[in-house]
Amino acid sequence: MDVVSMEWRDLLVASWPVDPAVVDARLPAGVTADTFDGRAWLSAVPFVMKDVRPFGVPASLGRTFGELNLRTYVTGNAGPGVYFFNLDANDRLGVALARALFRLPYYRAAMRVERDGDEIAFRSRRTHSGVPPLEFDATYRPVGEPAEAEAGSLEEFLMERYRFYAAGRKRVFCGEVAHEPWAVAHADATIRRNDLFAANDFAARESVPHLLYSPGVDVRAERVRVA
């Protein structure tokens with residue numbers, strides 16, 4: 001049953017290849033790293049959550065705020081999906097509800113998202129107490145016209161995920177989302193600061209990331225269940 005409607009807008013998906021064993025060591029039992037050409041991937045994803053509201057409520061009554069997450073790609077009992085190591089957002093109510101309803105590792109942050117033409121400037125500083133500090137500062141823009149990812153491509157592997165997993169105290173939960181296929185373009189990005197890896201106890205990535213941009217999708221999310 002759908003419980004939340006929202007829009008995901010102006011996404012950058014900056015992805016680095018990783019040894020699958022490094023990812024598997026950080027995943028809960030029942031979830032394993034999914035791979036493309038033998039490699040796992042970690043993605044930094046800044047974007048705007050627009051018009052977030054209970055399913056059936058008009059968009060005009062929704063909440064809009066920035067979000068920043070570090071995610072990886074996994075398989076579990078329910079099928080392929082994503083696993084979030086963190087989701088930072090600049091909406092206190094949204095963070096509280098997401099932690100309660102979806103059991104996701106959301107943290108409060110101060111953010112500024114500015115658009116200049118087709119360029120997005122995204123800055124985030126974590127304000128949540130009791131967790132590692134995290135700052136992120138990047139500017140990004142699309143290169144070319146967004147289009148659906150080619151079947152079997154890395155872009156399809158990274159983007160076409162309709163399920164997420166989350167670790168509870170003793171069980172693994174999963175949730176489903178529904179939306180049209182992503183339209184994506186390659187991206188240019190200048191990442192001036194990225195604490196996502198350090199805040200999640202991963203070694204810094206020195207390689208140049210694979211960069212994608214999407215204008216976004218309209219999304220419906222279901223209530224989480226035991227995976």
Side-chain angles (χ1 to χ4, degrees), residues 4-16 42-53 58-71 82 84-99 104-129 131-147 149 155 158-159 177 179-180 182-200 204-205 208-219 221:
V4 177
S5 296
M6 65 199 116
E7 301 173 24
W8 297 340
R9 296 290 178 239
D10 286 328
L11 291 88
L12 173 69
V13 182
S15 305
W16 287 261
L42 289 170
S43 296
V45 185
F47 68 106
V48 174
M49 294 271 279
K50 186 173 185 290
D51 295 334
V52 182
R53 72 276 187 192
S60 60
L61 299 179
R63 302 174 72 88
T64 297
F65 49 89
E67 182 176 307
L68 171 70
N69 66 63
L70 181 69
R71 73 188 196 187
V82 298
F84 295 105
F85 293 102
N86 77 275
L87 305 101
D88 287 23
N90 68 332
D91 185 87
R92 181 178 291 271
L93 177 61
V95 167
L97 289 175
R99 291 175 72 94
L104 288 169
Y106 265 92
Y107 305 106
R108 294 185 299 275
M111 294 184 177
R112 177 177 293 180
V113 185
E114 299 174 318
R115 171 183 281 278
D116 183 4
D118 65 353
E119 187 172 81
I120 309 298
F122 191 105
R123 300 174 183 86
S124 178
R125 178 179 55 83
R126 181 177 284 177
T127 58
H128 205 106
S129 61
V131 293
L134 192 163
E135 292 189 36
F136 184 88
D137 183 2
T139 303
Y140 55 92
R141 66 178 183 85
V143 177
E145 289 297 320
E155 290 75 19
L158 295 171
M159 299 303 296
V177 297
H179 56 75
E180 295 296 320
W182 290 97
V184 295
H186 290 290
D188 276 341
T190 300
I191 301 176
R192 290 171 288 273
R193 180 157 183 170
N194 177 13
D195 294 344
L196 282 161
F197 295 105
N200 289 288
R205 302 290 109 186
V208 176
H210 180 277
L211 297 171
L212 293 174
Y213 168 85
S214 178
V217 290
D218 296 348
V219 181

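Computed from a predicted structure; not experimentally measured. The chain is numbered in sequence order, starting from 1.
If you take OH on Y213 and NE2 on H186, they are separated by 15.0 Å, rounding to the nearest 0.5 Å. With rounding to the nearest 0.5 Å, the separation of OG1 in T64 from CD in E7 is 7.5 Å. Between the CZ atom of R53 and the OG atom of S60 there is a distance of 8.5 Å, given to the nearest 0.5 Å. The CZ atom of R108 sits 12.5 Å away from the CZ atom of R125 when rounded to the nearest 0.5 Å. Within the model, atoms CG of D218 and CE of M6 stand 10.5 Å from one another, a figure rounded to the nearest 0.5 Å.
For R141 and D10, the salt-bridge test fails: no basic side-chain N is under 4.0 Å from an acidic carboxylate O.
Nearest heavy-atom pair, V217 versus R9, reported as atom, atom and distance to 0.1 Å: N-NH1, 3.0 Å. When every heavy atom of E155 is checked against every heavy atom of L212, the shortest pair comes out as CG-CD2, 3.6 Å. Residues F47 and V45 approach most closely at CD2-O, 3.8 Å, considering heavy atoms. When all heavy atoms of S43 and S15 are compared, the closest pair comes out as OG-OG, 2.6 Å.
Shown here are the ring pair (Phe, Tyr, Trp, His ring centres under 6.0 Å) partners of F85, two or more places apart in sequence or in another chain: Y83, F202.
In R112, the CZ atom is not crowded: 12 or fewer heavy atoms of neighbouring residues, nucleotides or ligands sit closer than 6.0 Å.
Between W16 and F197, the ring planes are perpendicular. Angles over 60° get that label, and only those under 30° would be called parallel.
Between R192 and T139, the side chains place a donor N or O and an acceptor N or O closer than 3.5 Å (distance only, hydrogens not considered).
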